[in-house]
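What follows is a short report on a single structure.
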There are 2 protein chains.
Amino acid sequence: MTDKRQQLIETAFALFYRYGTHAVGINEILKQSGIAKKTLYTHFDSKASLVEAVLHYRDERFVNWLDQRMQDSEPGKAGILAMFDALDDWFNDRVETLAKFNGCFFINTCGEYAEAEALPHQLCCQHKSRVRDLIEAQVKSLGEVKEPEWLVDILALLKEGAIVTAQVQGDKQAAIKARRLAEQMLTAQEVSQK
Amino acid sequence: MTDKRQQLIETAFALFYRYGTHAVGINEILKQSGIAKKTLYTHFDSKASLVEAVLHYRDERFVNWLDQRMQDSEPGKAGILAMFDALDDWFNDRVETLAKFNGCFFINTCGEYAEAEALPHQLCCQHKSRVRDLIEAQVKSLGEVKEPEWLVDILALLKEGAIVTAQVQGDKQAAIKARRLAEQMLTAQEVSQK
DNA sequence: ACACAGGGAGACAGGTCTGTCTACCATAAA
DNA sequence: TTTATGGTAGACAGACCTGTCTCCCTGTGT
């Protein structure tokens with residue numbers, strides 16, 4: 001029962017992530033998952049609510065993965081740099097949990113629902129806030145920082161830049177380049193602290 | 001004659017930029033532009049070739065605008081910072097040349113054609129290369145730089161990060177934040193140079 | 001053994017999409 | 001005046017979309 005629902009979400013995610021939500025029809029999802037149309041409509045009101053569920057699913061999966069990777073290192077500088085290492089693994093398809101890299105699902109979806117009022121757009125925004133919270137927690141562990149808010153924003157901005165560069169330009173080294181700058185900033189931070 | 005063609009491209013761009021290329025139908029473009037379907041198909045083979053033309057149009061328009069803004073300042077540091085100022089104007093809808101800010105048309109379109117083999121994806125990639133070239137020219141004017149390639153990459157990456165942050169999170173200050181970091185980097189560069 | 005719920009298969013309605021085609025109307029050159 | 005040309009208007013075909021509905025099969029609890 002809930003098994004079918006999950007299966008639908010996962011199949012839909014794989015297709016949406018590859019081809020975009022508008023480009024993929026319900027029938028394609030049904031064909032690939034081998035699930036009947038009736039079953040889909042018992043679990044979801046409409047395609048829009050399936051899209052919504054897929055966004056929730058990916059959000060949880062992605063944030064959990066990233067959080068785990070950051071928790072594996074010491075809080076603070078190491079944790080932040082671990083984020084960029086995690087991104088590097090993602091870009092180069094060394095993470096089984098996430099699908100083959102195709103950019104950020106939320107940035108892509110946001111492009112399809114560009115109006116700020118659209119629900120998918122808002123869900124994407126919420127996802128980015130959750131990721132920002134992970135960074136913020138690490139920055140707080142750094143100790144006294146001149147302008148912590150700005151540092152958090154810049155680190156998040158670097159992350160977004162790396163993702164887009166890796167996808168559009170196909171530059172799989174983007175995370176490493178961003179990591180280097182982050183390291184410089186954090187080192188400068190340490191020095192000025194002493 | 002070519003007038004109609006241009007009109008179609010501009011109407012199509014306005015709609016594609018707002019709603020995405022897949023979400024907008026040919027008929028909507030025709031209705032808004034008041035042009036007949038037959039005329040469209042004398043100028044373009046298919047919707048795909050219209051999308052292609054729109055990407056070229058936006059590419060030229062955007063690159064020309066950004067280039068102009070950078071040329072208005074002294075080459076080097078000032079030129080680079082002028083780029084971030086230009087972005088700030090764009091994000092906050094102070095540029096008539098570009099439409100109301102809705103993220104980067106190329107990033108959005110790339111999300112819709114996520115596969116690297118897709119032609120639109122490649123055109124988006126080419127656009128980003130052209131923008132990178134603008135940055136590269138400015139970095140060359142800086143004089144001796146330790147690793148100019150890396151600096152160019154990072155500045156481009158900051159630019160992408162600012163655009164995405166401004167769109168998804170709605171943070172209209174993103175360009176200013178990125179500009180601040182760029183300024184710090186370039187100042188550090190100057191100091192180490194002496 | 002029997003009733004019943006869950007799901008597979010897919011027909012179907014109603015709408016939209018792209019792309020073609022016909023019919024008609026301008027304007028301007030010959 | 002006549003004849004191209006380029007445009008408008010829109011019917012139309014054929015495909016595909018979402019969402020509903022019916023029919024049938026299968027497994028499970030009683």
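Numbered from 1 within each chain, the chains take letters A, B, ... in sequence-line order.
- Atom OH in A:Tyr41 sits about 18 Å away from atom P in C:dA9, given to the nearest Å.
- Put simply, A:Lys4 has a side-chain N or O that comes within less than 4.0 Å of OP1 or OP2 on C:dG8.
- Dashed line: the shortest gap from a side-chain N or O of A:Ser46 to OP1 or OP2 of D:dT18 is not under 4.0 Å.
- If you measure from atom CG of B:Asn27 to atom P of D:dC17, you get 17 Å, rounded to the nearest angstrom.
- Atom CD of B:Gln7 is separated from atom P of D:dG6 by 17 Å (rounded to the nearest Å).
- The nearest whole Å value for the distance from the NE2 atom in B:His43 to the C1' atom in D:dG6 is 9 Å.
- For the pair B:Arg58 and B:Phe106, the cation-pi criterion (under 6.0 Å, within 45° of the ring axis) is not fulfilled.
- With hydrogens and angles ignored, a donor-acceptor pair under 3.5 angstrom links the side chain of A:Lys37 to the base of D:dG19.
- B:Glu149 and B:Arg132 are joined by a salt bridge, as a carboxylate oxygen and a charged side-chain nitrogen come within less than 4.0 angstrom of each other.
- Comparing C:dT18, D:dG7, C:dA9 against the side chain of B:Thr39 picks out D:dG7 as the nearest.
- Comparing A:Val24 and A:Lys38 against DNA chain D, the residue whose closest nucleotide sits nearer the 5' end is A:Val24.
- With rounding to whole Å, B:Leu40 atom CG is found 16 Å from C:dC21 atom P.
- Between A:Glu28 atom CD and D:dT18 atom P the separation is 11 Å, expressed in whole Å.
- A salt bridge links A:Arg130 to A:Asp59: one of the charged nitrogens lies within less than 4.0 Å of a carboxylate oxygen.
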* Evaluation steps, salt bridge (charged side-chain N to carboxylate O under 4.0 Å, His left out), between B:Asp85 and B:Arg179 -> CA-CA 8 Å; B:Asp85 289 332; B:Arg179 188 201 137 105; 2.8 Å; yes
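- Between the CG atom of A:Leu8 and the P atom of C:dG8 there is a distance of 9 Å, rounded to whole Å.
- Within 4.0 Å (heavy atoms only), A:Thr42 reaches no atom of the nucleic acid at all.
- A:Ile35 comes within contact range of the sugar-phosphate backbone alone, with a heavy-atom separation under 4.0 Å but no base atom that close.
- Atom pair A:Asp45:CG and D:dT18:P shows a separation of 15 Å (rounding to whole Å applied).
- OP1 or OP2 of D:dT18 has at least one side-chain nitrogen or oxygen of A:Lys47 nearer than 4.0 Å.
- Between A:Phe101 and A:Phe91, the ring planes lie tilted relative to each other; the angle falls in the 30° to 60° range.
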